[in-house]
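Sequence positions, counted from 1, serve as the residue numbers for this chain.
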Amino acid sequence: MTDQFTPAIGLGNCHIQTIFGRVHRPVPWIETRCRWYETPDGDCLALLTPRPLVDDPDLPLVLILHGLGGSVASPYVQGMMDSLLSHHYQVAVMHFRGCGGVPNRLPRAYHSGDSEDPRWMVEQLRGELPATPIMVVGYSLGGNVLLKMLGEDGTCSPVAAAVAISSPMDLHACSRKINTGLSKLYQRHLLSCLRLTLKQKAQDPCIAAALPNVDDATLFANFRCFDDTFTAPLHGFRDVDDYYTKASSKHLVREIGVPTLIINSVDDPFVCPSAIPEKKEVSSMVQLEVTLQGGHVGFVGGSLWRPSYWLEHKVPKFFDSAILRDKG
C-alpha cells in the first residue's frame, strides 16, 4: 500500500463507497457548453467545457474521460471539474461516442480499449492550444483507455501528465469479477443502460441492419456475452477473447513515458485485484496508489454528515506536482 485512504465512518463498505456519490450529489451543478468535432470516419465527438478554453501556458487543460455509461453529468465528473476549476485548471470533458444521450452516427460506438478517439481529441486540442499543457484523467473504462493510449505512445505522448482511477486493466479478470456476487447488480444495471442506448440507435433502419438483435435479452445476459455479440464484431475484434486481450492496458503500463498516477482499491466490486499491476510491472514514470478500501470510483472520506471526496484533493495535487517537476 503506497497511500492510506480512510473511508468515512459508516461508509466503509465497498458498495456504499461505490454508490454514495450518486445519492449524495445526484443533480449536476456545473453548467457546460458543448462543441461537436467531426471525426475522420464520419462520426462525431462531443467536448463539453464549463468555460471557454484559452491558450495559456499557465492555465493547463485537464481532459476528463468518463466511465461506461457516464457523461459530463456524472457526479464524479462534476466533482472533479469543480475541484480542478478551484485549483485554476481549465477543464474539458470528452463524451465517448453515443454517450450523453445523443446517439452517434455509426453502428460502432466505444469500448474499453478505444484509445484512438481520445488521442485524436488531444491532437485537436494541441492544435488549438499549442502553448497549453494538456493533462488527462480517466475513470474506470476511461482510465483503461487512457492507460492504453499512454502505453502505446510511450515517450512520444503529447500528454503532460495523467491520472487513471479504478481502471479495469485486465478485462478478462474484471469480466469474471463483475459476474459474481453482488457485483452482478452493477452488471445488470450497466447492460440495461447499454441495451436502451442500442435500442435508441436501432430506430435508424440503416444502423439497425448492422446490429445484432437488440430485442434479444439473452445477448445481454452478462458482459462476456454482450462483448462477444456486440463490442467485438462492431469494433473489428475476432471475438470476445481477442477484444479483452487487445483492449486491456495492464501489459502496456510498463511503456508509459509521462508522469502518471494510477489509483485503485482492492475492494473494488468491478475490478479484480489481480488486474492491478505491481510496482515491478509499471514504468518508472508511474506512481501506484493502491488502497484497501474505496470501492469503484468512490473514495469517500470525512464523515457521513460532512463527506470528503479524496480523489478531488488527490488528483489536483498530483497535477500540481507534475507541473513543478516540469518547471524544475
Side-chain angles (χ1 to χ4, degrees), residues 5 7-36 45-53 61-104 110 136-143 163 165-166 182 185-197 199-200 263 265 268-270 294-316:
F5 161 72
I9 296 175
L11 302 181
N13 179 272
C14 66
H15 301 293
I16 296 176
Q17 281 283 320
T18 300
I19 66 175
F20 182 83
R22 185 179 294 272
V23 176
H24 179 238
R25 304 191 291 188
V27 180
W29 65 93
I30 297 180
E31 294 184 0
T32 56
R33 64 187 68 190
C34 179
R35 175 181 172 186
W36 289 96
L45 289 173
L47 188 76
L48 299 104
T49 56
R51 299 172 185 170
L53 301 180
L61 169 63
V62 179
L63 178 67
I64 298 176
L65 306 177
H66 60 78
L68 180 64
S71 72
V72 70
S74 298
Y76 59 88
V77 174
Q78 289 278 308
M80 187 56 69
M81 283 197 297
D82 202 355
S83 177
L84 289 167
L85 289 170
S86 70
H87 284 80
H88 308 293
Y89 288 91
Q90 300 187 79
V91 184
V93 180
M94 189 195 88
H95 278 175
F96 286 102
R97 301 190 192 206
C99 292
V102 182
N104 64 306
Y110 68 106
V136 187
V137 55
Y139 291 90
S140 192
L141 174 149
V163 180
I165 300 163
S166 299
L182 289 177
L185 297 177
Y186 303 108
Q187 177 176 245
R188 185 184 306 168
H189 170 71
L190 290 169
L191 287 171
S192 176
C193 293
L194 288 170
R195 189 179 181 189
L196 288 175
T197 299
K199 281 189 172 184
Q200 187 180 12
I263 301 174
S265 65
D268 191 321
F270 288 46
H296 188 73
V297 193
F299 301 97
V300 185
S303 68
L304 181 61
W305 308 115
R306 297 189 66 180
S308 173
Y309 292 87
W310 182 69
L311 295 172
E312 293 163 22
H313 302 282
K314 187 74 175 177
V315 172

*Asks:* Is the shortest heavy-atom distance from the side chain of Met94 to the side chain of Leu63 under 4.5 Å?
*Replies:* yes
*Asks:* Rounded to the nearest 0.5 Å, how far does OH of Tyr76 lie from OG of Ser166?
*Replies:*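 Ser166 OG to Tyr76 OH: 10.0 Å, rounded to 0.5 Å.
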*Asks:* Report the distance from atom CZ of Phe270 to atom CG of Leu190, rounding to the nearest 0.5 Å.
*Replies:* 5.0 Å
*Asks:* Considering non-hydrogen atoms only, spot the tightest contact between Arg97 and Leu45 and give its length.
*Replies:* CG-CD2, 3.6 Å
*Asks:* With the side chain counted from C-beta on, respond yes when Asn13 and Phe20 share a heavy-atom pair under 4.5 Å apart, and no when they do not.
*Replies:*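 Counting from C-beta outward, Asn13 and Phe20 never come under 4.5 Å.
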*Asks:* Leu48 and Cys34: which non-hydrogen atoms are nearest, and at how many Å?
*Replies:*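 Closest approach of Leu48 to Cys34: CD2-CB, 4.0 Å.
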*Asks:* Check this for me: His313, atom NE2, are more than 12 non-hydrogen atoms of other residues, nucleotides or ligands nearer than 6.0 Å?
*Replies:* yes
*Asks:* Do any N or O atoms from the side chain of Ser74 and from the backbone of Val77 form a donor-acceptor pair under 3.5 angstrom?
*Replies:*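 Not at all, since once roles are kept as given, no pair shorter than 3.5 Å links the two residues.
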*Asks:* Is there a side-chain contact between His24 and Val300 (heavy atoms, below 4.5 Å)?
*Replies:*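 No, too far: nothing below the 4.5 Å cut-off.
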*Asks:* What I'd like to find out is whether the side chain of Val72 reaches to under 4.5 Å of the side chain of Met81, using heavy atoms alone.
*Replies:*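 Yes, close enough: below the 4.5 Å cut-off.
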*Asks:* For Gly70, does its backbone N or O pair with a side-chain atom of Tyr139 as donor and acceptor, under 3.5 Å?
*Replies:*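 Checking the backbone N and O of Gly70 against the side chain of Tyr139, no donor-acceptor pair under 3.5 Å is found.
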*Asks:* Looking at Leu85 and Pro50, what are the two nearest heavy atoms and their distance?
*Replies:* CD1-CG, 3.9 Å
*Asks:* What's the separation between atom CZ in Phe299 and atom CG in Asp268, rounded to the nearest 0.5 Å?
*Replies:* 7.0 Å
*Asks:* Measure from the side-chain N and O atoms of Ser192 to the backbone N and O of Arg188, and report whether any donor-acceptor pair falls under 3.5 Å.
*Replies:* no
*Asks:* Rounded to the nearest 0.5 Å, how far does CD1 of Ile64 lie from OG1 of Thr49?
*Replies:* 11.5 Å
*Asks:* What class does the angle between the rings of Tyr110 and Phe96 fall in, given that below 30° is parallel, 30 to 60° is tilted and above 60° is perpendicular?
*Replies:*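 Correct class here is parallel.
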*Asks:* Measure across Gly100 and Ser71 and return the closest heavy-atom pair with its distance rounded to 0.1 Å.
*Replies:*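 In terms of heavy atoms, the two residues are closest at CA-CB, 4.0 Å.
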*Asks:* What distance do Leu311 atom CG and Lys314 atom NZ have between them, rounded to the nearest 0.5 Å?
*Replies:* 10.0 Å
*Asks:* Hey, does the side chain of Gln78 reach the backbone of Trp29 with a donor-acceptor pair shorter than 3.5 angstrom?
*Replies:* yes
*Asks:* So, the side chain of Gln17 versus the backbone of Leu11: is there a donor-acceptor pair under 3.5 Å, distance only?
*Replies:* yes
*Asks:* NE2 of His189 to CG of Leu68: how many Å apart, nearest 0.5 Å?
*Replies:* 9.5 Å
*Asks:* Please give me the minimum heavy-atom distance between Gly294 and Phe5, naming the atom from each residue.
*Replies:*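 In this case the closest contact between Gly294 and Phe5 is CA-CE2, 3.8 Å.
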*Asks:* I need the minimum non-hydrogen distance between Ser265 and Gly295, along with the two atoms involved.
*Replies:* OG-O, 2.6 Å
*Asks:* Could you pull out all residues at least two apart from His95 that satisfy ring-ring contact (aromatic ring centres under 6.0 Å, His included)?
*Replies:* His66
*Asks:* Taking side chain as C-beta onward, heavy atoms only, is Ser83 less than 4.5 Å from Val315?
*Replies:*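 Sidechains of Val315 and Ser83: no contact.
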*Asks:* Just so I know, are the side chains of Arg25 and Tyr309 near enough to count as touching, which here means a heavy-atom distance under 4.5 Å?
*Replies:*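 Answer yes - side chains close enough.
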